[in-house]
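When reading the values below, keep in mind they use all heavy atoms of this one structure, side chains included, and skip hydrogens, waters and symmetry mates.
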Amino acid sequence: MSAQPLAQPLAEAAASIASPAHPLAQQLGHPLGASAASLVQSVDWLAVAPPLIAAVVALGVLVADLFLPESRKNVLGWISVAGLAAAALMLLPLLDGDRATFCLTGAGTGTGAGPGSVTGAPRACSYAADHFTLVIQLLVLGGALLAALLSITTLDDDRRRVPPGEFWFLLLSATAGAALLPAARDLATLIVALEVASLPAFALVGIRHGDRRSAEAALKFFLSSVTATAVSLMGVSFVYASTGTLYLTQVAQRLPDTPGQLHTLAQTGVVLTLIGFAFKTAAVPFHFWVPDTYVGAPLPVAAYLSVVGKAVGFSGLILVTVVAFPSYADVWGPALAVLAALTMTVGNVGALRQQATRARSAVRLLAWSSVGQAGYLLVPIAAAGYAKDAQKAIGSTVAYALMYAAVNLGAFAVAAVVGRGRAGNRISDYRGLYATNPVTALLMAFFLLCLAGLPPGIIGLFAKVTVFSAAVGAGLGWLAVVMAVNVVIALFYYLQWTALLFRAPEGETVRHRIPAPLTAAIALAGVAGVALSGAPQLVLRFAATGLF
């Protein structure tokens with residue numbers, strides 16, 4: 001049979017279905033032509049500039065690595081630092097107002113235009129540059145910039161085992177994904193950004209050639225993250241099947257009206273999505289990969305994961321809970337409260353048990369401490385499930401994350417300085433640091449006191465008070481009591497480490513020479529910590545204004 005007799009009936013059938021009078025077109029709610037029009041999306045290049053610059057510089061570094069001689073590969077590090085600084089500076093033009101791009105222009109956008117449109121329906125956009133996005137992008141790009149400064153020295157010291165071109169490409173690629181994630185306003189973009197941020201991080205952890213510890217850490221990190229991604233994808237697919245949309249605002253609108261036969265599917269999707277993001281935040285019992293991964297990874301990569309990796313997990317968790325699943329607050333609110341109590345307790349007890357003379361005990365203590373800090377960060381998100389003003393509660397989490405990022409990166413920078421002289425990087429190696437490097441010791445003491453929440457680290461005290469306030473204001477008095485107990489536990493090991501800095505050194509004193517990139521990283525972290533301590537209320541005011 002020739003193709004010609006079949007072509008005309010098929011064309012007529014297609015034209016009939018496309019007609020507005022056809023039953024199928026009416027069932028869809030609008031003509032197929034209008035459906036096609038609703039897929040036409042605009043692009044605001046200024047709004048997407050921060051993650052886009054990081055991605056373009058990553059590709060540029062990878063290509064430049066092919067042509068640069070081995071003796072000039074250190075230029076790649078400074079190009080990466082400049083690219084991250086440029087991406088961070090592009091946040092300034094976005095401060096004047098909220099921007100959104102990749103938006104549907106037809107039905108369901110609240111414009112009321114077109115057949116079948118729903119006047120007043122939430123606007124459906126895939127990318128939003130609101131205050132929440134800008135604060136998290138500042139944290140991500142600033143954290144990556146400090147990690148890059150730490151990495152320049154590390155790569156110079158360990159050039160034979162760490163290929164510079166691949167390292168900088170992976171770091172910038174992960175940063176581009178991490179900067180994209182807080183701007184994601186649909187579940188597909190959220191998952192893609194999460195994987196763009198995570199996949200290069202696996203390779204960064206295991207990038208050191210011939211290091212079995214590094215390879216083991218990368219494998220544990222990879223397996224846990226793959227499990228989290230699989231669980232999240234299944235949850236997202238269930239949510240999509242229940243609501244018929246991936247946009248967070250539309251999911252929030254449709255979830256309460258899910259038909260009875262799909263109610264169980266929707267509940268399962270919500271729970272699985274939350275479990276997947278709990279893996280990413282290193283919440284107990286999904287924290288097991290953290291200590292070994294931080295110890296096995298190069299120190300700048302551990303610093304990056306402790307701040308930027310944590311920001312990725314928490315910003316994603318905030319988006320799916322507060323923006324997409326507010327109608328299920330009675331499910332995720334109590335669950336996150338329990339996870340917060342378990343996470344801060346296990347993390348602080350794990351840090352308390354670290355022996356000062358054990359190899360790499362300093363990094364291991366910071367790893368367990370980061371698990372405990374994750375518990376504090378979960379408290380305001382849990383409180384948002386109970387509070388009338390969810391934005392204020394989320395503002396507490398964002399303010400705490402900014403404080404934690406600055407001082408924790410500073411602590412890792414000092415650890416990098418000590419590690420240059422003593423490869424074991426034990427806590428006992430910090431004894432007498434004030435006698436050899438007074439400024440470095442004073443800054444390390446400031447960073448540790450900020451993490452503990454004691455003066456002169458005013459920003460640490462302020463951040464903990466805001467978290468306490470969020471818990472008490474939401475009626476979670478029991479969680480505030482658990483947090484108070486954990487703060488006391490943390491005081492012990494933070495003060496113990498701080499006191500060690502000022503004790504008389506044992507044996508021959510070792511003066512640590514600090515390269516310029518390390519000096520810059522410590523100075524930037526110190527300036528950020530002091531500035532935040534001087535005006536802590538500005539952080540909370542900006543973080544809690546106009547979220548979403």
Side-chain angles (χ1 to χ4, degrees), residues 124 126 174 177-178 180-202 219-290 293 309-340 342-343 374 378 381-382 385:
S126 294
L180 172 62
L181 191 138
R185 292 300 182 269
D186 70 65
L187 291 171
T189 305
L190 196 65
I191 294 297
V192 169
L194 190 65
E195 288 313 294
V196 174
S198 299
L199 290 175
F202 306 150
L219 181 61
K220 289 181 178 179
F221 186 28
F222 171 75
L223 292 176
S224 64
S225 291
V226 165
T227 303
T229 301
V231 173
S232 296
L233 281 173
M234 182 172 289
V236 166
S237 66
F238 286 175
V239 170
Y240 177 69
S242 305
T243 61
T245 183
L246 290 172
Y247 291 97
L248 302 183
T249 53
Q250 292 185 347
V251 168
Q253 185 187 42
R254 298 181 187 181
L255 265 181
D257 302 324
T258 303
Q261 64 269 28
L262 297 177
H263 188 62
T264 302
L265 186 67
Q267 284 183 322
T268 306
V270 170
V271 171
L272 290 178
T273 304
L274 293 177
I275 290 175
F277 278 97
F279 267 98
K280 297 294 184 180
T281 58
V284 172
F286 315 115
H287 69 292
F288 53 86
W289 57 272
V290 173
T293 299
K310 198 172 262 72
V312 167
F314 277 96
S315 56
L317 187 63
I318 289 170
L319 289 174
V320 296
T321 53
V322 178
V323 180
F325 305 149
S327 57
Y328 280 80
D330 58 332
V331 175
W332 54 259
L336 291 180
V338 173
L339 282 181
L342 290 174
T343 302
L378 281 170
I381 305 177

**OP:** Test Leu194 against Phe277 for side-chain contact (heavy atoms from CB on, under 4.5 Å), laying out the working first.
**Re:** CA-CA 10 Å; Leu194 190 65; Phe277 278 97; 4.1 Å; yes
Original post:
Taking Val236 as the fixed residue, which of Leu190, Val320, Val251, Leu246 is the one that meets the side chain to side chain contact (heavy atoms under 4.5 Å, CB included) rule?
Top reply: Leu246
Original post:
Aromatic rings Phe279 and Phe288: how do their planes relate, parallel, tilted or perpendicular, breaks at 30° and 60°?
Top reply: perpendicular
Original post:
Going through the checks in order, is the side-chain contact (heavy atoms from CB on, under 4.5 Å) test met by Thr243 and Gln253?
Top reply: CA-CA 9 Å; Thr243 61; Gln253 185 187 42; over 6 Å; no
Original post:
Side chains of Leu187 and Tyr240: closer than 4.5 Å at any heavy-atom pair?
Top reply: no
Original post:
Of all heavy-atom pairs between Lys280 and Ser198, which one has the smallest distance, and what is that distance?
Top reply: NZ-OG, 3.3 Å
Subject >> Pairing residues for Ala329 by the side-chain contact (heavy atoms from CB on, under 4.5 Å) criterion, not counting sequence neighbours >> reply: Trp332
Subject >> Residue pairs fulfilling salt bridge (charged side-chain N to carboxylate O under 4.0 Å, His left out) with at least one residue in residues 219-231, sequence neighbours excluded >> reply: Glu216-Lys220, Lys220-Asp292
Original post:
Measuring from Thr268:OG1 to Met234:CE, what's the distance to the nearest 0.5 Å?
Top reply: 10.5 Å
**OP:** If a pair satisfies side-chain hydrogen bond (donor to acceptor under 3.5 Å, both in side chains) and one of its residues is in residues 225-236, list it, with sequence neighbours excluded.
**Re:** Glu195-Thr229
Subject >> Closest non-hydrogen atom pair between Pro182 and Ala178, with its separation >> reply: CD-O, 3.0 Å
**OP:** Check Val231 against Gly276 and note the closest heavy-atom contact, atom names and distance.
**Re:** CG1-N, 4.0 Å
Subject >> Rounded distance [0.5 Å steps], OH in Tyr328 versus OG1 in Thr321 >> reply: 14.5 Å
**OP:** Looking only at non-hydrogen atoms, find the nearest pair between Ala278 and Thr281 and report the distance.
**Re:** O-OG1, 3.0 Å
Original post:
Looking only at heavy atoms, which two atoms of Ala282 and Val290 are closest? And how far apart?
Top reply: CB-CG2, 3.5 Å
Show which side-chain atoms of residues 256-265 pair as donor or acceptor with protein atoms under 3.5 Å away, not counting sequence neighbours.
unit_1	atom_1	unit_2	atom_2	d
Thr258	OG1	Leu255	O	2.7

**OP:** Kindly compute the distance separating CG (Leu319) from CZ (Phe325), expressed to the nearest 0.5 Å.
**Re:** 11.0 Å
**OP:** Report yes if some heavy atom in the side chain of Val239 is under 4.5 Å from a heavy atom in the side chain of Thr245; otherwise report no.
**Re:** no
Original post:
With sequence neighbours excluded, what pairs up with Val271 under the side-chain contact (heavy atoms from CB on, under 4.5 Å) test?
Top reply: Ile275, Val331
Original post:
Which value, rounded to the nearest 0.5 Å, describes the distance between Trp289 atom CH2 and Phe221 atom CZ?
Top reply: 5.0 Å
Original post:
Distance from Phe314 atom CZ to Ile381 atom CD1, nearest 0.5 Å?
Top reply: 5.5 Å
Original post:
Which distance, rounded to the nearest 0.5 Å, do you find between the OG of Ser242 and the CD of Gln267?
Top reply: 10.0 Å
Original post:
Does some side-chain heavy atom of Thr343 sit less than 4.5 Å from a side-chain heavy atom of Leu378?
Top reply: yes
Subject >> For Val312 against Ala197, the heavy-atom pair lying closest together >> reply: CG2-CB, 4.2 Å
Original post:
Which residues pass the side-chain contact (heavy atoms from CB on, under 4.5 Å) test with Ala183, sequence neighbours left out?
Top reply: Tyr127, Thr133, Gln137
